[in-house]
Amino acid sequence: MDNEADTFYRELPKVELHAHLNGSVSFQTIEKLIRRKPQLNIEHSMTAIGKGQRRTLDECFQVFKVIHQLVDSEEDIFMVATDVIKEFAADGVKYLELRSTPREETATGLTKRRYIETVIKAIQQCKKERVDIDVRFLVAIDRRNGSQVAMETVQLAEEFFLSSDGLVIGIDLSGDPTVGHGRDLLSALQRAKNSGLKLSLHLSEVPSQHDETDLLLDIPPDRIGHGTFLHPEMGGSQGLVDKVVQKNIPLGRTYFNISSLPLDNGQLFLWIFFSELCLTSNVKGQTVQCYAEHHFKYWYHMGHPIVICTDDKGVFATDLSQEYKMVATTFGLSREAVWKLSQQAIDYIFAPVSVKEQLKQKWRNLQPQEFK
Ligand code: IMP
Ligand code: ZN
């Protein structure tokens, strides 16, 4: 990125709400990891999907396994997390919610608890160095590991929710969407919700998940990751859309994270879910045919609250500035509309209102004169 347009997107203050730690590892950090572990014979082509390349979803999940081999100690996690945070900051991200699946590795003595502590340490280190970014952590449940591990993960997240001074704020549900069923994870997710942890769930990432999505939307989650096949035109159903877009809910009912639009009849049009959309990830992972066919077009034009995210900036060789630029060029958004999109994302963060206010002030300070 180097021309005037690229500078606009780089300098645009941004909020990143859907970033998997080990999927966000940059070329440069992978280089350092490869040097640390030459015996693994891992090459860059095994850890990232370059420009113009695509992979099946299954192949994408193989890439994560390779990266996990490279990142298997406290030292690795600390380096990866600090590098990733600084890279997001350098890309103009002012608020970041990182998510990651705690792992244990017998060879290095890594435990799930130490894993989370190390990510927290990295966040605190960046704070100490005055990196201009507010970072929070979502503990991820890998759906492949079943109900018991999901429950243990929630219990661990609850502990850190109470002891991390607001850094651990929620739960992510992710992992290979073709494996397992959300019904087995329901009680763990409900427990997390009841404890006050925020929930961001990968939903309808593949076409076969209609029933699961229907079930998990009832919890309800606070945000939806991808939601690719929710919309009827993507093979989903109007029933699911209706659940996401709770029309004409009587005034006076309170939900967390509500945004509202007045309707002609004076009632409020209330949205209780927010969607995290990751264009390059979906195109390179082949769940969406091309950028122009991305479900952004349905939700954005309905006025549904959406947030542009990277998912795995390292694996998919992108960054958040490029994702905003891609959205704008593909769907013809003006710079003012792009600014609004990045500003509205503040409403959907999981951190408390005081943080939202600070971010809103930051956006006001940085807002170009012509958008005021
Ligand atoms: P980690 O949790 O920091 O190790 O990040 C990599 C992990 O994130 C993968 O092993 C998956 O469980 C999850 N992940 C990354 N991208 C996706 C996605 O697009 N769909 C579902 N899960 C994902
Ligand atoms: Zn994801």
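Order of listing sets the numbers, starting from 1, for every ligand and every atom in it.
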Should the pair [X]-[Y] be classified as a salt bridge under the 4.0 Å nitrogen-to-oxygen rule?
| X | Y | result |
| --- | --- | --- |
| Glu129 | Lys86 | yes |
| Asp347 | Lys360 | yes |
| Glu276 | Arg99 | yes |
| Asp83 | Lys32 | yes |
| Arg114 | Glu104 | no |

If you consider just the N/O/S atoms, which atom of His18 is the closest one to the Zn ion (ligand 2)?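 Atom name returned: NE2.
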Name of the Asp311 N, O or S atom nearest the Zn ion (ligand 2)?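 Result: OD1.
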Side chain proximity check, [X] to [Y], heavy atoms < 4.5 angstrom:
| X | Y | value |
| --- | --- | --- |
| Trp363 | Ile346 | yes |
| Glu117 | Phe160 | yes |
| Leu173 | Arg143 | yes |

Relative to atom 3 (O) of ligand 1, which among Ala19, Ser100, Gly23, Ala140 owns the nearest non-hydrogen atom?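 Comparing heavy atoms across Ala19, Ser100, Gly23, Ala140, the nearest one to atom 3 (O) of ligand 1 lies in Ser100.
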Counting backbone and side-chain atoms alike, is an N, O or S atom of His202 positioned under 2.8 Å from the Zn ion (ligand 2)?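 A backbone or side-chain N, O or S atom of His202 is under 2.8 Å from the Zn ion (ligand 2).
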Below 2.8 Å, can you find an N, O or S atom of His20 next to the Zn ion (ligand 2)?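 True for His20.
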In the protein, which heavy atom is nearest to [atom], and how far is it?
| atom | answer |
| --- | --- |
| atom 18 (C) of ligand 1 | Glu205 OE2, 3.3 Å |
| atom 8 (O) of ligand 1 | His20 ND1, 3.1 Å |
| atom 22 (N) of ligand 1 | Gly175 N, 2.9 Å |
| atom 4 (O) of ligand 1 | His68 NE2, 2.6 Å |
| atom 10 (O) of ligand 1 | Arg144 NH2, 3.4 Å |
| atom 16 (N) of ligand 1 | Asp312 OD2, 2.8 Å |
| atom 6 (C) of ligand 1 | Phe64 CD2, 3.8 Å |
| atom 2 (O) of ligand 1 | Thr101 OG1, 2.6 Å |

Kindly assign one of parallel, tilted or perpendicular to the pair Phe371 and Trp339, based on the angle between their ring planes and the thresholds 30° and 60°.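 Phe371 and Trp339: tilted rings.
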Would you confirm whether the ring centroid of His226 sits within less than 6.0 angstrom of the ring centroid of His295?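 Aromatic pair excluded; centres sit 6.0 Å or further apart.
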Measure centre to centre between the rings of His304 and His231, then say whether the value is under 6.0 Å.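 His304 vs His231: aromatic centres not under 6.0 Å.
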Record the part of Ile67 in heavy-atom contact with ligand 1 below 4.0 Å; permitted values are side chain, backbone, both and neither.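 The answer is neither; Ile67 stays 4.0 Å or more away.
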Just by distance, no angles: are the side chains of Thr56 and Asp58 close enough, under 3.5 Å, to form a donor-acceptor pair?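 The answer is no; no qualifying pair exists.
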Give the numbers and elements of all ligand 1 atoms closer than 4.0 Å to a heavy atom of [X].
| X | result |
| --- | --- |
| Asn22 | 1 (P), 3 (O), 4 (O), 5 (O) |
| His226 | 19 (O) |
| Leu21 | 3 (O) |

Return yes when Arg103 approaches ligand 1 closer than 4.0 angstrom through a heavy atom, no otherwise.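 Per 4.0 Å heavy-atom rule, Arg103 does not contact ligand 1.
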Return yes when Lys65 approaches ligand 1 closer than 4.0 angstrom through a heavy atom, no otherwise.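 Per 4.0 Å heavy-atom rule, Lys65 does not contact ligand 1.
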